[in-house]
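Before any comments, here is the structure.
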Amino acid sequence: MPTPRLDPPPALPLAAVVNATGVVLHPKLGRAPLSAAARQAVLDASGYTTLEIDPATGRHQSRTSGPGRLAAEVLGAPAATVVNNGAAALLLTLHALATGREVVISRGELVEIGRSYRLPDLIATTPARLVEVGTANHTRLEDYRHATHAGTGLLLTVHRPDRHPGGNETTLAALAELAAELGVPLVHHLGSGLPHRMPAALPDEPSVAGSLAAGADLVLVSGDKLLGGPQAGIIAGRADLVAGCERHALARALRIDKLQRAALEATLWSWAQAELPADLPVVAMLDADPVTLHQRAVWMAEQIGRDARAVRSSARVGGSLLSAVSLPSWAVGVPSHDPPRLAAALLAGEPPILARADTDQLRLDVRTIPPSRDVEVVEVVRALSAG
Ligand SMILES: *Cc1c(COP(=O)(O)O)cnc(C)c1O
């Protein structure tokens with residue numbers, strides 16, 4: 001037996017957490033929890049796989065062609081390819097389609113998406129030149145017209161679910177017309193990646209197909225936002241542009257690995273089989289019925305005792321820009337003299353539970369707690385709040 005050289009270990013390894021924050025796509029907790037089918041697919045792909053071999057012919061096959069075709073089919077796009085994440089999708093698109101040329105974007109869309117990702121900083125690392133148009137709160141079509149000329153490489157527009165006041169006053173259709181006049185692509189950085197509209201929880205969130213129908217040539221989305229899959233980036237749209245991205249040398253550095261691919265394909269299959277696939281935890285949580293959430297909160301509060309009660313809460317979609325979108329929800333409020341201390345004890349417990357500390361209570365939003373964990377959460381909270 002080799003003696004362990006690191007005692008204690010320099011950091012704790014990844015551990016599973018119960019999310020009681022009500023933030024569905026929690027960035028610190030790894031955004032979308034995977035479906036049972038996606039988890040099984042990851043397990044199956046853990047050994048040797050058909051990652052780059054066509055089992056029918058034994059010949060080499062690109063690792064992205066399978067998931068690319070499936071993504072195109074499910075998202076309603078002529079073609080698609082997949083990369084490591086949303087930021088990689090933008091990076092590859094700019095390298096492949098705008099090297100040495102200008103990328104025109106509204107000043108109101110030069111956003112920060114999570115602490116380590118500022119759009120202008122990422123664009124500055126590419127061989128494309130950033131051209132800002134309009135102002136922080138107003139951008140009109142004339143602004144784009146004045147800034148575009150023969151050196152323009154592409155028009156980039158970023159979806160802002162946070163409904164920033166003012167923002168971009170143009171429409172995708174108007175930008176598409178301008179892009180067509182200039183003979184350059186219109187790229188829509190959509191982020192969320194809904195295959196269809198999600199009627200109940202997010203009535204205004206556009207779908208990929210909707211964006212393409214409105215005139216975008218390419219749509220860029222993340223696999224782990226509303227699509228409900230693993231970290232991944234999808235570039236969907238015109239076949240010639242997608243092929244250009246796939247051929248670029250940088251594609252190799254930004255490619256997905258077999259575990260991501262397995263989970264992404266399983267997630268896309270769920271969307272292929274149902275209009276709103278409830279087997280995807282993200283869909284189930286966003287679509288959860290407030291009456292059921294209330295019943296669960298009441299039951300859990302009764303089981304915990306100690307004056308715990310069901311309280312109204314406000315859940316959030318999460319996932320950076322979507323974070324501004326909130327959903328009415330229900331939580332278990334556990335009165336406490338020191339809510340931050342109780343919250344810290346819960347997070348250090350087994351299993352770790354992340355909850356919110358209000359001024360006078362600990363709040364566990366049931367929207368993001370899997371119903372199958374309710375009993376376990378009750379037991380842990382009851383034991384810890386005893387003191
Ligand atoms: C989420 C998001 C990104 C970043 O995507 P990652 O998958 O986190 O790399 C970029 N742009 C927009 C508009 C987004 O919503």
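All ligand and atom numbering here is 1-based and tracks the order in the structure. Values below: every heavy atom of this structure, side chains too, minus hydrogens, waters and symmetry copies.
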**Message:** So does V23 get a backbone contact from the side chain of R316, meaning a donor-acceptor N/O pair under 3.5 Å?
**Reply:** no
**Request:** Ignoring angles and geometry beyond distance, decide whether A87 reaches within less than 3.5 Å of ligand 1 through its nitrogen or oxygen atoms.
**Result:** yes
**Request:** Would you please determine whether R160 falls within less than 4.0 Å of ligand 1 on a heavy-atom basis?
**Result:** no
**Item:** Residue and atom name of the nearest protein heavy atom (relative to atom 4 (C) of ligand 1), distance in Å to one decimal
**Value:** Y117 CE2, 3.4 Å
**Asked** After noting the C-alpha distance and the side-chain angles of S222 and D224, does the key distance pass the side chain to side chain donor-acceptor pair (under 3.5 Å) rule?
**Response** CA-CA 6 Å; S222 299; D224 55 358; 4.5 Å; no
**Asked** Relative to each other, are the rings of H188 and H159 parallel, tilted or perpendicular (30° and 60° limits)?
**Response** perpendicular
**Complete:** If you scan protein heavy atoms around atom 12 (C) of ligand 1, the nearest is I113 CD1, 3.6 Å
**Message:** Can you tell whether the side chains of D365 and R367 come within less than 4.0 Å, N to carboxylate O?
**Reply:** no
**Request:** Just jot down the ligand 1 atoms closer than 4.0 angstrom to any heavy atom of G191, in number order.
**Result:** 14 (C), 15 (O)
**Item:** D217 CG to L154 CG distance, which is reported to the nearest 0.5 Å
**Value:** 9.5 Å
**H189 N/O under 3.5 Å from ligand 1 N/O** = yes
**Request:** Before signing off on this row, confirm whether S192 and ligand 1 have an N or O atom pair separated by under 3.5 Å.
**Result:** no
**Prompt:** For atom 6 (P) of ligand 1, which protein heavy atom lies nearest, and how many Å away is it?
**Reply:** G86 N, 3.4 Å
**Check: S222 N/O within less than 3.5 Å of ligand 1 N/O** = yes
**Item:** Flag, side chain of Q303 to backbone of V375, donor-acceptor distance under 3.5 Å
**Value:** no
**Item:** Basic-acidic side-chain contact under 4.0 Å: E73, R69
**Value:** no
**Prompt:** Counting each atom of ligand 1 from 1 as listed, which ones have a heavy atom of V158 under 4.0 Å away?
**Reply:** 13 (C)
**Message:** Between R145 and E181, does any side-chain N to carboxylate O distance fall below 4.0 Å?
**Reply:** yes
**Item:** Minimum non-hydrogen distance to atom 8 (O) of ligand 1, winning option of E109, R31, H188, Q231
**Value:** R31
**Asked** Where is the nearest protein heavy atom to atom 3 (C) of ligand 1: which residue, which atom, and how far?
**Response** K225 NZ, 3.6 Å
